[in-house]
Amino acid sequence: MFDILRNKIKGFTDRLKQKINLEQGQTEKKPKSQEPFLEEQSEKSDISQSPLPEEPPFAESAEPLEEKEEKIPKSEEKILELEKETELLPPEAAEKPPETAEEPSETAEETSEIKEIEKKELDRLKVEDKREIKAAVSATSKIKSFFSSQIALSEKDLDNLLYDFELALLESDVDQDTSTFLCGKIKKELLGKKIPKGKDFDNFIKQEIKKVFAESITVEHQNIISLIKTKTDKPFVILFLGPNGAGKSTSMAKLTNILQKKNFSVIWSASDTFRAAAIEQLEKHAERLNVRLIKHKYGSDPAAVAFDAVNAAKAKKIDVVLIDSAGRQDTNQNLMEELKKIVRVIKPDLKIFVGEALSGRSLLEQAKVFDKELNIDGFVLTKIDTDTKGGTSISLLHTIKKPIFYVGIGQGYDDLIEFNSDFIVNRIV
Ligand SMILES: Nc1nc2c(ncn2[C@@H]2O[C@H](COP(=O)(O)OP(=O)(O)OP(=O)(O)O)[C@@H](O)[C@H]2O)c(=O)[nH]1
Ligand SMILES: [Mg+2]
């Protein structure tokens, strides 16, 4: 469910992360602010005159800090190597082959005195070297944390990333206006903001995107059960309308199941007198759900059937009347007039547009026409169990700004669940 949109949003977050990592990498590869420090180091240190500079201790500054700290013991090894170097030993001792050093050229007292001096000098150098390396590491650490804790994205960077993201939203069935709106809002939220790097990054970006989506698609939530409860004079009347095959009749049956569980009594109007087998289809559901069905012949006036159903409900004190209607395209003016007649005669409490999520952007266009013609109250969005893209609901909510009462998540009677904007935001971000 909504996998494509979820992946597109993840793709956007990953690209942002890549961009940030790239910048971090560049910073670490060439940490300009470390350069003078290193120069200063090499000037100050006696060791810089020795073979050590061939493997500069901080040259690989892109490595993590911990690795640098590991280098401290390594430097001790190097210092130990220095014991063998000529600088710390008397020149003649270094130049002479070992066997010549064995020659008793000095007295035993002189030799032990020299060794004592050498040892002191070595100890002094070790301490100095350690101190310098530690100072370097701690300075590097400060510089690193400065560079690596947060980043602010430039307008140019964001424009490039959001251009791709807008295309991704369009591919996921979000319409053009909504995509442009969402990207503009994300840009406004992220521009100049300090974005944490590392493990907090994903969470931060997710929260920002979630916030933008939630704000853009939140419409006043309406709960059908409370609406029914608050109506004082029975019955509460709901008209189901929308394009062919969207799931009007099935959703009506599913809602009946929900209402019966809440102890509401229900009666149906078979006002699809147009499509072959539409009445028989309802009869089967009515039998299973034990609902009374008011029906006329095929070709009769759908408004007249609905009128009879409402009157029967009034007579029997039934709580809710559900009116099925024939599927129609928004371009079919005759069928549109037929619906308008039902609305005029019955004055339903709710006109629910049933649309299937799979229809994508064409659903938005249809819904706009139905809303203009009939002023619909909200939606049931069906077949979201088979909708991998997920953009339709976002477009509907953002553009038409009417609630999605329920979503259909399968073909069973229990496969109708209440919708709120968190439902979709939590699935895609
Ligand atoms: N997977 C899935 N299938 C659904 C859902 N809702 C309805 N369907 C199926 O969609 C098909 C059409 O459903 P109907 O209720 O007959 O649609 P309709 O809008 O009444 O169709 P018309 O009366 O011909 O305009 C049926 O096979 C339903 O089982 C849903 O949420 N998920
Ligand atoms: Mg039907």
Side-chain angles (χ1 to χ4, degrees), residues 1-4 173 224 238-259 266-289 291 293-300 302-303 305-306 309 321-332 334-336 338-339 342 348 350-360 362-363 366-367 369-370 374 376 378-393 396 404-419 423-424 427:
M1 209 187 283
F2 305 159
D3 293 341
I4 294 183
D173 276 351
I224 289 187
I238 304 176
L239 169 63
F240 290 83
L241 53 95
N244 310 75
K248 296 177 293 298
S249 310
T250 314
S251 298
M252 195 170 103
K254 290 173 180 174
L255 181 60
T256 302
N257 182 43
I258 293 174
L259 294 174
V266 179
I267 191 168
W268 285 358
S269 166
S271 292
D272 181 356
T273 57
F274 181 75
R275 180 174 66 78
I279 298 173
E280 287 76 6
Q281 182 193 2
L282 275 195
E283 275 174 333
K284 274 188 195 154
H285 284 304
E287 204 178 307
R288 280 187 216 137
L289 291 161
V291 182
L293 175 70
I294 304 298
K295 58 176 182 177
H296 291 191
K297 286 188 191 133
Y298 281 104
S300 56
V305 188
V321 179
L322 301 181
I323 306 171
D324 191 22
S325 71
R328 64 206 72 211
Q329 296 310 311
D330 49 301
T331 45
N332 190 327
N334 285 343
L335 287 177
M336 220 35 131
E338 190 186 84
L339 267 183
I342 302 178
L350 286 180
K351 290 157 279 178
I352 298 182
F353 178 93
V354 181
E356 53 181 40
L358 288 169
S359 321
S362 67
L363 178 67
Q366 285 169 339
V369 178
F370 275 87
L374 294 150
I376 58 172
F379 304 97
V380 167
L381 193 60
T382 59
K383 309 186 191 181
I384 68 159
D385 49 312
T386 55
D387 178 30
T388 51
K389 294 187 173 179
T392 313
S393 51
L396 274 185
I404 295 177
F405 294 111
Y406 289 98
V407 285
I409 54 162
Q411 292 181 289
Y413 288 139
D414 288 328
D415 293 331
L416 190 71
I417 57 170
E418 241 189 289
F419 177 90
F423 173 88
I424 187 155
R427 265 171 182 74

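Order of listing sets the numbers, starting from 1, for every ligand and every atom in it. We're numbering straight along the sequence, starting at 1. This one's a predicted model, so the numbers in the text were calculated from it and none came from an experiment.
- Looking at ligand 1, you'll find an N or O of T250 within less than 3.5 Å of one of its N or O atoms.
- Inclusion of T386 in the set of residues having an N or O under 3.5 Å from an N or O of ligand 1 is not warranted.
- Between A326 and ligand 1, no N or O atom pair is found at a separation short of 3.5 Å.
- Atom 17 (O) of ligand 1 has its closest protein heavy atom at G247 N, 3.0 Å.
- Residues F370 and L241 meet the side-chain proximity criterion, which asks for heavy atoms closer than 4.5 Å.
- What sits closest to atom 12 (C) of ligand 1 on the protein, heavy atoms only, is G245 O, 3.7 Å.
- Between I224 and Y406, the closest side-chain pair of non-hydrogen atoms falls below 4.5 Å.
- Side-chain contact between L339 and S325 is present, with heavy atoms from C-beta onward closer than 4.5 Å.
- Less than 4.0 angstrom separates some heavy atom of G408 from each of these atoms of ligand 1: 31 (O).
- From the protein, the heavy atom lying nearest to atom 24 (O) of ligand 1 is R275 NE, 2.8 Å.
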Report task. Carefully, step by step, assess S249 and D324 under the rule side-chain hydrogen bond (donor to acceptor under 3.5 Å, both in side chains). Result -> CA-CA 6 Å; S249 310; D324 191 22; 3.0 Å; yes
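- The Mg ion (ligand 2) has an N, O or S atom of S249 closer than 2.8 Å.
- Using a 4.5 Å heavy-atom cutoff, the side chains of M336 and V369 are in contact.
- Among all protein heavy atoms, the one lying closest to atom 1 (N) of ligand 1 is D385 OD2, 2.8 Å.
- Using a 4.5 Å cut-off on side-chain heavy atoms (C-beta onward), L381 and D387 make no contact.
- Crowding of E287 atom CD: a count of heavy atoms from other residues, nucleotides or ligands under 6.0 Å not exceeding 12.
- Counting only heavy atoms of the protein, atom 30 (C) of ligand 1 lies nearest to G410 O, 3.1 Å.
- If you number the atoms of ligand 1 from 1 as listed, the ones under 4.0 Å from a heavy atom of Q281 come out as 16 (O).
- At the shortest separation from atom 29 (O) of ligand 1 among protein heavy atoms lies Q411 NE2, 2.8 Å.
- In Y413, the OH atom is crowded: over 12 heavy atoms of neighbouring residues, nucleotides or ligands sit closer than 6.0 Å.
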Apply side chain to side chain contact (heavy atoms under 4.5 Å, CB included) to residues F405 and I352 and explain how you reach the verdict. CA-CA 9 Å; F405 294 111; I352 298 182; 4.0 Å; yes
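- When the options K254, K248, H285 are ranked by their closest heavy atom to atom 25 (O) of ligand 1, first place goes to K248.
- Within the 4.5 Å cutoff, side-chain heavy atoms of S251 are placed close to those of T382.
- Close contacts between ligand 1 and I409 involve ligand atoms 31 (O) [criterion: under 4.0 Å to a heavy atom].
- Protein heavy atom closest to atom 11 (C) of ligand 1, with residue, atom name and distance, is K383 NZ, 4.0 Å.
- For ligand 1 and G327, the ligand atoms under 4.0 Å from any heavy atom of the residue are 25 (O).
- Applying the 4.0 Å criterion to heavy atoms of N244 picks out, from ligand 1, the atoms 25 (O).
- Contact of the S271 side chain with the V305 side chain is registered, since non-hydrogen atoms from C-beta on lie closer than 4.5 Å.
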